[in-house]
Amino acid sequence: MNNAIRYFAGVDIGSVSIAAVLIRSQKREMAASEMIPSGGNYKDAARKVLNGVLSKAGIGVADLAGIVTTGLGAESAPFPARQVSDISCQAMGCRRLFPQVRTVIDIGGQFTKAMRITPEGRVADFLMSEKCATGSGRFLQVIARILHVNLSEIGSLSLQSETPVEFSTNCAVFAESETVSRIAEGAKAADILAGVHRAMAAKVSMLAKRVKMETEVALTGGGGEDTGLVQAVGDTLGVRIWVPEQPRLSAALGAACLAAAD
Amino acid sequence: MTAGAKLDELYKNRGVRAKELHNAGAIVIGYFCCFVPDEIITAFDMVPYRIQGSQSEPIDEADAFLEPMACPFVRSCFNMALKGSYDFLDGFVAPHSCDTIERIYGIWSHHRPSPFNHMINVPHMQGPSSEAFYRSELDYFIKSLEDWSGRKLENGKLIKAVSLYNERRKVLRELYDLRKSDPPLVSGTEILKALVAGMGIPGAEHLALLRRYVAHVKERPKPRKDKTPRIFIWGSEIDDAAFIQLVEECGAQAVMDDLCTTTRSFWEEVPETTDPVEGIARRYLATHCPRNDVPQKECSRISDLEQRYGYIKKFIKDWAVDGAIFYIVRYCDTCELEGPDLREYLNSLDIPVLMIEDDYSISTIGQLRTRIQAFLEMIG
């Protein structure tokens, strides 16, 4: 039995998407992953994403040696699992992907988090943004909607900007009306997006500095998919930013690693 | 009814006992913060009532008078006053503890005056001249109460009140000693309830209940060591157990605290002198409220922090604390500006700190769960 392959799952139940990652034996190789929108029902979506990842790997629930759930909806998991905060999971996931990383910035749909991590992938210190949309993925959703730009395009579009718009406010709600005025004045979508990215980067960088950032730095969560935002954060902090290939999976990966460590 | 159940009932139905006493003809004096001595009010045969807010009631009417960026604890208290919850108070006393409390005195006593209204000026810097100033303020408070009530303050009664409240302090410290074991014999949630329960009843009644309660707690079977993280909670006015309960639900033991409603209000005794007002002035002025300042003896940063927070070092050591949580009521400048210095000091003692700023409302408390969990995972 000792030679049998053991599987561990990590499930990240977030406000925007639910991700599951399956790793194989203690070596922590990624066996399969799956991600779906959260929709209205955490329970159903969590079950669906776990079944999805299991069928991709061609195994059943009975083959799982452990599950860790994380994220805002971790409590809603319809299967028995250990709960760990997404902060600890993110730290562990980043350690698995980038062993050199000591600071992780996670930009999610609701919150932004900054954490300093130890070489072992433990959290040394962390900060979470206050209930404020500026600095969270929500801000980008709002602006993308007004500009009629697809969320997946905002990164490349923003990078084309030559003269980013300066926003006079740090509030997402007022930035919305400011954006409308700027469009009326003829500002280009690229410049508006670059301005938004700068404003967000300023907020996010402040969290990283307050947590006493150490290099190297990784950026995870939905924000990591936005190349314009990644560049703006890197410029503001003056460091290179490591981004996972699938930045929305790193917390689930960390959860799976923690399940394997149990 | 057991003492624990009685304390729980008083915690849940705050104001009921004071209202009963008021209806029976007693004079109930409501006050804010840790700078209005219970001893003086008690020596007048009046009932001291520490004004509390409600974290479960939304603030609606108060916002017609106060800006929403004013301290939500004060807004909540004033909201209750506007709705008539404090109509049983015969007196309203506010100290100049922080600027919000100082200003609410005028707004409150204008819109919802009690038969007796009084403001006590409290100096910020400690030292002999401040003690003399504050003492005069207390003499003026006493004179105002005498003029209004027609009663005369008897020195003997004041001396008796001082020893009554010192006795209560002693019993409370005994209760706190029962949190030293691993795990503690009494939870942080239970302690907070026992303290808040006493904020609106005569000191002698609270003392009798506490004595019985401590005896009960001592009889509890000794639990097995469980090595859960031991947390020190620092902040301002926590008069609802919801937050401490959340911390304990997340898998920690709240073993020690420094809050306006807990140790800050009772830990140190009043020196028992022949001139009781002098002893009272000295003790109350030295309250560890972050609005207070201590004159620096030396100019170094280290000695400054040591002078301000040395008492916390003792708490940390004697109660074997693993981590600290600052729970700050939003817009409390006093605590928010004290936070960074205290964090630095605690970090120098290898105590990690989680700083949380929250609305004074239990409806938002659940959102803090992730932070608390992550913090406990970090130190665990």
Side-chain angles (χ1 to χ4, degrees), chain A residues 12-15 68-76 81-95 104 106 108-118 120-132 136 171 207 209-212 221 251 254-255 257-259 261-262, chain B residues 68-69 72 228-229 231 243 246-247 249-252 322-333 335-337 339-380:
Chain A
D12 176 11
I13 307 174
S15 64
V68 164
T69 56
T70 187
L72 271 181
E75 281 179 8
S76 324
R82 182 162 77 98
Q83 267 183 54
V84 179
S85 76
D86 48 350
I87 293 164
S88 299
C89 290
Q90 202 62 262
M92 197 46 92
C94 281
R95 179 195 177 248
V104 179
D106 177 65
Q110 301 237 331
F111 290 101
T112 293
K113 297 153 196 148
M115 60 205 94
R116 197 150 41 75
I117 65 175
T118 67
E120 296 75 36
R122 286 180 61 92
V123 178
D125 201 3
F126 71 95
L127 273 173
M128 252 169 102
S129 59
E130 286 301 322
K131 275 169 283 175
C132 164
S136 80
C171 166
L207 275 186
K209 284 179 185 160
R210 276 177 59 196
V211 85
K212 300 198 179 77
C257 293
L258 285 166
D262 279 345
Chain B
M69 40 65 69
T228 41
I231 300 295
F243 177 73
L246 176 66
V247 171
E249 275 170 14
C250 286
D322 300 309
I325 298 181
F326 296 177
Y327 184 60
I328 297 174
V329 173
R330 197 178 296 281
Y331 311 122
C332 175
D333 299 350
C335 281
E336 275 171 20
L337 293 168
D341 279 359
L342 182 55
R343 175 197 287 268
E344 186 184 319
Y345 181 76
L346 290 172
N347 286 346
S348 77
L349 301 175
D350 286 329
I351 298 295
V353 172
L354 172 68
M355 181 156 160
I356 290 176
E357 193 193 24
D358 195 31
D359 299 324
Y360 181 78
S361 160
I362 51 169
S363 63
T364 55
I365 274 180
Q367 296 172 0
L368 305 174
R369 192 179 286 270
T370 312
R371 276 166 232 233
I372 298 168
Q373 271 173 357
F375 181 67
L376 297 178
E377 286 160 10
M378 184 179 112
I379 63 175

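Per chain, numbering begins at 1; letters A, B, ... match sequence-line order.
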query: Do other residues, nucleotides or ligands put more than 12 heavy atoms under 6.0 Å from A:R210 CZ?
result: no

task: Could you check A:M115 against B:M378 for side chain to side chain contact (heavy atoms under 4.5 Å, CB included), going step by step and ending with a plain yes or no?
output: CA-CA 11 Å; A:M115 60 205 94; B:M378 184 179 112; over 6 Å; no

Ring pair (Phe, Tyr, Trp, His ring centres under 6.0 Å) partners for B:F243, two or more places apart: B:Y327

message: If I measure from the heavy atoms of chain B, does A:E75 come under 4.5 Å with its side chain, its backbone, both, or neither?
response: side chain

message: So for A:A74, is it side chain, backbone, both, or neither that comes closer than 4.5 Å to the heavy atoms of chain B?
response: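 It is neither, since no heavy atom gets under 4.5 Å.
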
field: Atom pair CG (B:N347) and NZ (A:K212), whose distance is rounded to the nearest 0.5 Å
entry: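 Output value for this atom pair is 6.5 Å.
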
statement: Bottom line for B:L354: the part with an atom under 4.5 Å from chain A's heavy atoms is side chain

Matching residue for A:S85 among B:R369, B:Q373, B:E377 - test: side chain to side chain donor-acceptor pair (under 3.5 Å): B:E377

task: Would you mind listing every ring pair (Phe, Tyr, Trp, His ring centres under 6.0 Å) that reaches into residues 345-374 of chain B, with sequence neighbours excluded?
output: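 As it turns out, the ring pair (Phe, Tyr, Trp, His ring centres under 6.0 Å) pairs with a partner in residues 345-374 of chain B, which skip direct neighbours, are B:F73-B:Y360, B:Y309-B:Y345.
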
- prompt: Among A:V84, A:L127, A:D86, who wins on heavy-atom pairs under 4.5 Å with chain B?
  reply: A:V84

field: B:F375 vs A:I87 side-chain heavy atoms within contact, under 4.5 Å
entry: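 B:F375 does not reach A:I87 side chain to side chain.
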
- prompt: Looking only at heavy atoms, what is the nearest atom pair of A:R122 and B:G380, with distance?
  reply: NH2-O, 3.0 Å

